[in-house]
Structure formats: structure tokens, C-alpha cells
Amino acid sequence: MSDPLLAAQTGPDVLAALRASVWEWLEAVADPEIPVISVVDLGIVRDVEITAADADAKGTLCCTVVITPTYSGCPAMRLIASEITTALQDKGLSQVSIRTQLAPAWNTDWMSEKGRRNLKQYGIAPPAQQVIDIRGISPRQQAAPQVQCPHCGSMQTVCVSQFGSTSCKALYQCKDCREPFDYFKAH
């Protein structure tokens, strides 16, 4: 799929179809720290914008992907931006840009159900609570969450360390199967 071909046919339906395709293509871009979850399922991708390049006489379309880091110091964001750009250029989009949006801050409520299932199947317990529940109470005001073991399903787990393999995870251990596992903290 080339930009000039699409640009010659540019209309609302074509732009909407291209935008939907870009979202689909981004589903294949894995998070570099947790390869079983895509950047879309993790909730990092906020928006996809398709516009005509003003200065280009050929009518090339520009694709801007808006991303929000899981936290402001996330070391993987540069790699994620590069992987997104490469994936879309491989699909024929020549004009790809990445815009980082810090507000509102990313939180684990943005993870998809598919992403949560993939984490669990991979051996990482997904967040056990919402960041802000329907009553408006944040996790810091709630009791510690009960975390289900992704290996055996037991609720008899204990937090070993608030810091796991990455800063967004805590290290837990199951009292029943005795296996350690990461828990993706709600934040």
C-alpha cells in the first residue's frame, strides 16, 4: 500500500479505513519488556491521526501515532516509538511520526482484557484492581489487593518485594504452588 495511491483516493471512507488498518497493524507491535502484550493492548497507543502532508505536492498521507508512556521515565519508550515507526513504514506508510502525550498519565485501567489474559498466560499476574474504582477511591486508600497466582490460580499469595523485574511490577510468591511471579501493579 503506497501513500500516493491512497492520497489520490483520499476521502473520509479511505482515511477511516486506513486509520482502522493502522490500529490493526499496531496490534502486532509488542511491548519490548513484555513481548506477549502489544502496545495497543497495554494501552500505550492513545490515538492514530491521518492527515494530508501540506507541503507535499504528491498528496502523501501522514500518520501520527500518539503514545503515552507507562511512566515518565520508561526506558522502553524510544524503542517502542522506533518499532511503531518501522512497523508502519513496512506497511507502506512513508510519513510516520510519533507524538508523546503525558497527560492524562497512563494507568493500568487502559489495558485491554486481551492484554490482561496474555499477561496471565505468560505468568505475570495482571492488575487485581482498578486505579480509580466507581466510588472514586484510589488503590492507595484500599487494602492491599488479593493477587491470584497465574500458575495455579490460588489466591494464597504474598508480596515478596514491591519491586519486580521492572518498576511497574511487584514480586509475589504463591503459598500453594510455591512459584514466584511478577504482579503488574495497578498504577
Side-chain angles (χ1 to χ4, degrees), residues 15-50 63-91 93 96-140 142 144-153 155 157 164-172 181-187:
L15 294 178
L18 178 58
R19 187 173 184 272
S21 292
V22 170
W23 276 102
E24 183 180 315
W25 298 333
L26 292 174
E27 286 278 347
V29 178
D31 177 77
E33 293 177 340
I34 310 169
V36 298
I37 189 169
S38 77
V39 293
V40 171
D41 288 324
L42 190 53
I44 291 172
V45 177
R46 300 289 304 281
D47 198 9
V48 171
E49 301 166 355
I50 308 292
C63 176
T64 301
V65 179
V66 182
I67 59 175
T68 296
T70 55
Y71 68 98
S72 61
C74 179
M77 289 312 291
R78 227 179 275 152
L79 180 57
I80 289 170
S82 175
E83 293 291 323
I84 287 172
T85 301
T86 299
L88 297 182
Q89 288 175 339
D90 287 351
K91 294 293 186 178
L93 294 174
V96 177
S97 65
I98 306 295
R99 186 172 72 235
T100 301
Q101 181 174 320
L102 299 177
W106 177 89
N107 68 67
T108 51
D109 292 349
W110 295 0
M111 295 172 100
S112 71
E113 285 305 313
K114 176 184 170 192
R116 292 170 189 270
R117 282 191 308 273
N118 288 353
L119 285 176
K120 187 174 180 179
Q121 290 171 353
Y122 189 63
I124 298 173
Q129 62 193 142
Q130 289 184 304
V131 174
I132 301 292
D133 73 12
I134 198 160
R135 298 168 294 166
I137 298 174
S138 73
R140 289 171 190 85
Q142 299 173 356
Q146 285 197 289
V147 177
Q148 184 179 33
C149 175
H151 304 295
C152 72
M155 295 301 286
T157 61
S165 60
T166 61
S167 60
C168 57
K169 294 183 281 236
L171 181 61
Y172 272 68
F181 62 92
D182 276 336
Y183 165 62
F184 205 113
K185 297 183 277 191
H187 64 283

Looking at every non-hydrogen atom in both residues, tell me the closest pair between Thr108 and Ala186 and how far apart they are. OG1-CA, 3.3 Å
Would you say that Lys114 contacts Glu27 through its side chain, given a criterion of any heavy-atom pair below 4.5 Å between the two side chains? yes
Side chains of Pro126 and Phe184 in contact at under 4.5 Å (non-hydrogen atoms): no
Between Ser165 and Asp182, which heavy-atom pair has the shortest distance, and what is it? OG-OD2, 2.7 Å
Quick one: does Leu42's side chain get under 4.5 Å of Met111's, heavy atoms only? yes
Does any non-hydrogen side-chain atom of Pro32 lie less than 4.5 Å from one of Ile80? yes
Test item: Pro69 and Thr100 side chains (from C-beta on) under 4.5 Å apart, heavy atoms: yes
Contact summary for Val48 and Val22, nearest pair of heavy atoms: CG1-CG1, 3.6 Å
Determine whether Val45 and Trp23 satisfy the following criterion, side-chain contact (heavy atoms from CB on, under 4.5 Å), listing intermediate values before the conclusion. CA-CA 9 Å; Val45 177; Trp23 276 102; 3.6 Å; yes
Assess the residue pair Leu26 and Ser38 against the criterion (side-chain contact (heavy atoms from CB on, under 4.5 Å)); give the C-alpha distance rounded to whole Å, side-chain angles, the decisive distance to 0.1 Å, and a yes or no. CA-CA 8 Å; Leu26 292 174; Ser38 77; over 6 Å; no
Answer yes or no: are there more than 12 heavy-atom neighbours, outside Gln89 itself, under 6.0 Å from its atom CD? yes
Which heavy atom of Phe181 sits nearest a heavy atom of His151, and at what distance? CB-NE2, 3.8 Å
Check whether Tyr183 reaches the backbone of Ala128 with its side chain - one donor and one acceptor, N or O, closer than 3.5 Å. yes
Decide side-chain contact (heavy atoms from CB on, under 4.5 Å) for Asp47 and Gln101; before the verdict, give the C-alpha distance in whole Å, the side-chain angles of both, and the deciding distance to 0.1 Å. CA-CA 10 Å; Asp47 198 9; Gln101 181 174 320; over 6 Å; no
Kindly check if the number of other-residue, nucleotide or ligand heavy atoms within 6.0 Å of NZ (Lys120) is above 12? no
Please step through side-chain hydrogen bond (donor to acceptor under 3.5 Å, both in side chains) for the pair Thr68 and Arg46, ending with a clear verdict. CA-CA 7 Å; Thr68 296; Arg46 300 289 304 281; 3.1 Å; yes
For Trp106 and Thr70, work out which heavy atoms get closest and say how close. CE3-O, 3.3 Å
Any chance you could measure Leu119, atom CG, to Asp41, atom CG, to the nearest 0.5 Å? 9.5 Å
Could you walk me through whether Thr157 and Gln148 satisfy the side-chain contact (heavy atoms from CB on, under 4.5 Å) test, starting with their C-alpha distance in whole Å, then the side-chain angles of each, then the deciding distance to 0.1 Å, before giving a yes or no? CA-CA 7 Å; Thr157 61; Gln148 184 179 33; over 6 Å; no
Side-chain (Thr85) to main-chain (Ala81) donor-acceptor, under 3.5 angstrom: yes
Looking at every non-hydrogen atom in both residues, tell me the closest pair between Val36 and Asn118 and how far apart they are. O-ND2, 3.2 Å
